[in-house]
Amino acid sequence: MYDTFKTYNDQVYTGMKVGGSHNWNYNNGIWYETKESPNKWSFQFDCIKTRTKSAPLNTGANVNTKYHWYIIADQIATKMDANSYTTSMKGIKFKVGHKRPYWKTFSYNYPEQIPYKERIIQILEDTINRLKSER
């Protein structure tokens with residue numbers, strides 16, 4: 001079950017088993033971006049994502065559970081015409097925290113949890129170290 005404790009590399013967690021996968025549709029998504037410098041853009045993406053196949057009965061998080069992810073990705077956009085691009089994105093997403101429906105705030109705001117900014121620094125440092133080791 002979803003909330004059953006699991007272990008992976010000595011880390012205890014709940015949720016989908018490591019190795020599981022989802023397929024999602026991101027129809028009617030809105031991507032808003034602003035150029036901040038010659039090679040830097042900030043962006044926001046909003047949409048409702050839906051499963052390509054229905055979830056098994058009695059699985060998954062409760063309705064109104066929120067997840068906070070940090071995404072590191074490569075995006076390739078290819079111009080098709082004056083107003084259209086094909087877009088492909090590949091990357092990694094890291095769970096930063098979650099908020100159950102009856103909680104007041106995200107998990108990283110509670111005592112004994114890694115605070116948000118410290119978790120982001122940890123993710124980035126681990127990613128940099130991994131990239132350096134792959135040279």
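Start at 1 with the first residue, then count along the sequence. Here the structure is a predicted model, which means the values were calculated and not measured.
Residues Tyr67 and Lys95 have side chains in contact (heavy-atom distance under 4.5 Å, counting atoms from C-beta outward). Gln122 has its side chain within reach of Ile114: a pair of non-hydrogen atoms, C-beta onward, lies under 4.5 Å apart. With contacts defined as side-chain heavy-atom distances shorter than 4.5 Å, the pair Tyr32/Asp46 does not qualify. Side-chain contact between Lys6 and Thr4: present, with at least one pair of heavy atoms (C-beta onward) separated by less than 4.5 Å. With contacts defined as side-chain heavy-atom distances shorter than 4.5 Å, the pair Ile48/Tyr26 does not qualify.
In this structure, the separation between CG on Asn64 and CZ on Arg100 is 13.5 Å, given to the nearest 0.5 Å. Interatomic distance, Lys104 NZ to Asn109 CG, rounded to the nearest 0.5 Å: 13.0 Å. Note that CD of Glu33 is 12.0 Å distant from CD of Gln44, once rounded to the nearest 0.5 Å. The structure places CG of Asp126 at 11.0 Å from CG of Leu131, a figure rounded to the nearest 0.5 Å.
Met89 is connected to Phe45 through a chain of hydrophobic side-chain contacts under 4.5 Å among Ile, Leu, Val, Met, Phe, Trp and Tyr, so both are in one cluster. Connection of Leu124 to Val96 is established within a shared hydrophobic cluster, with ILVMFWY side chains joined at heavy-atom distances below 4.5 Å, either directly or through further cluster members.
Listed for the Ser107 side chain is a donor-acceptor partner under 3.5 Å among the backbone atoms of His98. Between the side chain of Tyr85 and the backbone N or O of Ile76, no donor-acceptor pair lies under 3.5 Å. Side-chain atoms of Asn129 come within 3.5 Å of backbone N or O of Glu125 as a donor-acceptor pair. Thr127 contributes a side-chain N or O that, together with a main-chain N or O of Ile123, makes up a donor-acceptor pair within less than 3.5 Å. Put simply, the side chain of Lys49 never gets that close to the backbone of Cys47: no donor and acceptor are under 3.5 Å apart. In this structure a side-chain-to-backbone donor-acceptor pair under 3.5 Å is missing from Asn25 to Asn27.
Glu134 is linked by a salt bridge (Lys or Arg N to Asp or Glu O under 4.0 Å) to Arg130, counting only residues two or more places apart in sequence or in another chain. With sequence neighbours left out, the salt bridge (Lys or Arg N to Asp or Glu O under 4.0 Å) criterion links Lys40 to Glu36.
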Step-by-step side-chain contact (heavy atoms from CB on, under 4.5 Å) determination, Phe94 to Ile71: CA-CA 6 Å; Phe94 299 88; Ile71 297 172; over 6 Å; no
For the pair Trp31 and Phe43, evaluate ring-ring contact (aromatic ring centres under 6.0 Å, His included) and give the outcome as yes or no after the intermediate values. CA-CA 7 Å; Trp31 180 289; Phe43 70 91; 4.4 Å; yes
Apply side-chain contact (heavy atoms from CB on, under 4.5 Å) to residues Arg51 and Trp24 and explain how you reach the verdict. CA-CA 5 Å; Arg51 293 176 183 268; Trp24 299 98; 3.3 Å; yes
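Screening residues 104-135 for ring-ring contact (aromatic ring centres under 6.0 Å, His included), with sequence neighbours left out, gives His68-Phe106, His68-Tyr108, His68-Tyr116, Trp103-Tyr110, Phe106-Tyr108, Tyr108-Tyr116.
The environment of CD in Gln11 is sparse: at most 12 heavy-atom neighbours from other residues, nucleotides or ligands sit within 6.0 Å. Within 6.0 Å of CG on Asp81 lie more than 12 heavy atoms contributed by other residues, nucleotides or ligands.
When only modelled atom types and interatomic distance are considered, Asn62 and Thr65 share no side-chain donor-acceptor pair under 3.5 Å.
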